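Since the structure comes first, as structure tokens, the remarks are kept for the end.
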Amino acid sequence: MRPDQRELLPRSFFDRPATEVAPDLLGCIFWSDSADGRVAVRLVEVEAYMGGIDPASHSFRGETKRNAVMFGPPGHAYVYFTYGMHFCVNFVCSPPGEPTAVLVRAGEVIEGAELAAGRRLSNSRPRDLARGPARLCQALSIDRGEDGIDVCVPGSALGIGPRVTSVDPADISHGPRIGITQAQDRPWRFWLAGDTHVSSYREGKPRRARGKPLASADGRDGTMQR
DNA sequence: TTGATGATTCGCT
DNA sequence: GCGAATCATCAAT
């Protein structure tokens, strides 16, 4: 196996605001290498997160241990864990200190489909292998171990290369991002119009508070174990 | 320390 | 269409 057999996007590609990088990523090839082999996808859906000016961005409220990678140099992978069970991956953009990034939301598996399907717990239909940010991470076997990886140097477990087929700018659509409750008006989600591997839109709604005893009849229900 | 919540997915109605 | 699953993170206590 030759990890360097595909051309890599240069770091300069990512050294721009995420809103500029995002549409240019559509159609590009994103892959992961492991002992089991390579899984590669053609990106069809991404979202831009703009740091300090974007309330929906993890970096909006400053640097923390979790989002530190976003504040570093461009061309690295920012991987985070959410909902107690899922991982999502971003490409860090902009110069160091400017924490913008592009969330990878969906792709079409073009290599290693069998390996990807084996990693999926359920629903391994080809169309759904990498349809959704957490599914895509599962298909590419991305988790905490990949946080901070440099995708612009040969030999990394993760790599990304240029388009192998051209993309007509007219085929790139954009609109509101999915699943967020802040800044829902910013049209920073980009996708390839008509591509069946793009996920479907869901409005982000705050969920009802859980586990609240719903203090009603009995204020002092002393037996509140678990 | 505690408590609320999340850049989601899956299964059931 | 709706809610559960499930836990790391962060703001508030």
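Worth saying up front: this structure is predicted, and the values here are computed from it rather than measured. Numbered from 1 within each chain, the chains take letters A, B, ... in sequence-line order.
Candidate nucleotides B:dG6, B:dA7, B:dG11 were compared by shortest atom distance to the side chain of A:S122, and B:dG11 ranks first. Relative to the side chain of A:R66, the nucleotides C:dC10, C:dT6, B:dT8 differ in distance, and C:dC10 lies closest.
The phosphate of B:dG6 has neither OP1 nor OP2 within less than 4.0 Å of any side-chain N or O from A:H86. At the phosphate of B:dT8, neither OP1 nor OP2 sits under 4.0 Å from any side-chain N or O atom of A:T82. Side-chain nitrogen and oxygen atoms of A:R202 include none within less than 4.0 Å of the OP1 or OP2 phosphate oxygen of B:dG6. Neither OP1 nor OP2 of B:dT9 sits under 4.0 Å from any side-chain N or O of A:R131. The phosphate of C:dT9 (OP1 or OP2) has no side-chain N or O of A:T64 nearer than 4.0 angstrom.
Put simply, the side chain of A:F30 does not reach to within 4.5 Å of the side chain of A:L25, judged on heavy atoms. By the 4.5 Å heavy-atom criterion applied to side chains, A:H76 and A:R11 are counted as neighbours.
Note on A:Y83: a base of the nucleic acid sits closer than 4.0 angstrom, heavy atoms only. If you check every strand for non-hydrogen atoms under 4.0 Å, A:R177 touches nothing. Looking at heavy-atom distances under 4.0 Å, A:A134 makes contact with sugar-phosphate atoms alone, never a base. A:R144 comes within 4.0 angstrom of the backbone, heavy atoms only, and of no base. Here A:L103 lies in heavy-atom contact (under 4.0 Å) with a base.
A:N90 places its CG atom 11 Å from the P atom of B:dT8, with the value rounded to the nearest Å. Atom CD of A:E203 and atom P of B:dA7 are 15 Å apart (whole Å). Here B:dG6 presents its C1' atom at 15 Å from CD1 of A:I178, a figure rounded to the nearest Å. Distance CZ (A:F87) to C1' (B:dT8): 13 Å, rounded to an integer number of Å. One interatomic measurement links the two molecules: CD of A:E63 to C1' of C:dC10, which rounds to 15 Å at whole-angstrom precision. When rounded to the nearest whole Å, the span between CZ of A:R186 and C1' of B:dA7 equals 15 Å. Atom CG of A:N123 and atom P of B:dT8 are 17 Å apart (whole Å). Rounded to an integer number of Å, the gap from CG of A:L136 to C1' of B:dT9 is 14 Å.
Classification of the A:H174-A:F190 ring pair by plane angle, with boundaries at 30° and 60°, yields tilted. Between A:F87 and A:F81, the two ring planes are tilted [angle within 30° to 60°].
When each of A:K65 and A:G84 is assigned the nucleotide of DNA chain C with its nearest heavy atom, A:G84 is the one assigned upstream, toward the 5' end. In this structure, A:R135 and A:K205 both approach DNA chain B, and ranking their closest nucleotides by distance from the 5' end singles out A:K205.
In this structure, B:dA7 makes no Watson-Crick or G-U wobble pair, since no nucleotide meets both defining distances under 3.5 angstrom. Here B:dT1 sits opposite C:dA12 as a Watson-Crick or G-U wobble pair (both hydrogen-bonding atom distances under 3.5 Å).
Spacing of P atoms, C:dA4 relative to B:dA4, comes out at 16 Å, to the nearest Å.
Of the possible donor and acceptor atoms, none in the side chain of A:R120 sits under 3.5 Å from a partner among the backbone N and O of A:A139.
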Criterion salt bridge (Lys or Arg N to Asp or Glu O under 4.0 Å) on A:R144 and A:D147, from CA distance to verdict: CA-CA 5 Å; A:R144 281 185 193 77; A:D147 188 32; over 6 Å; no
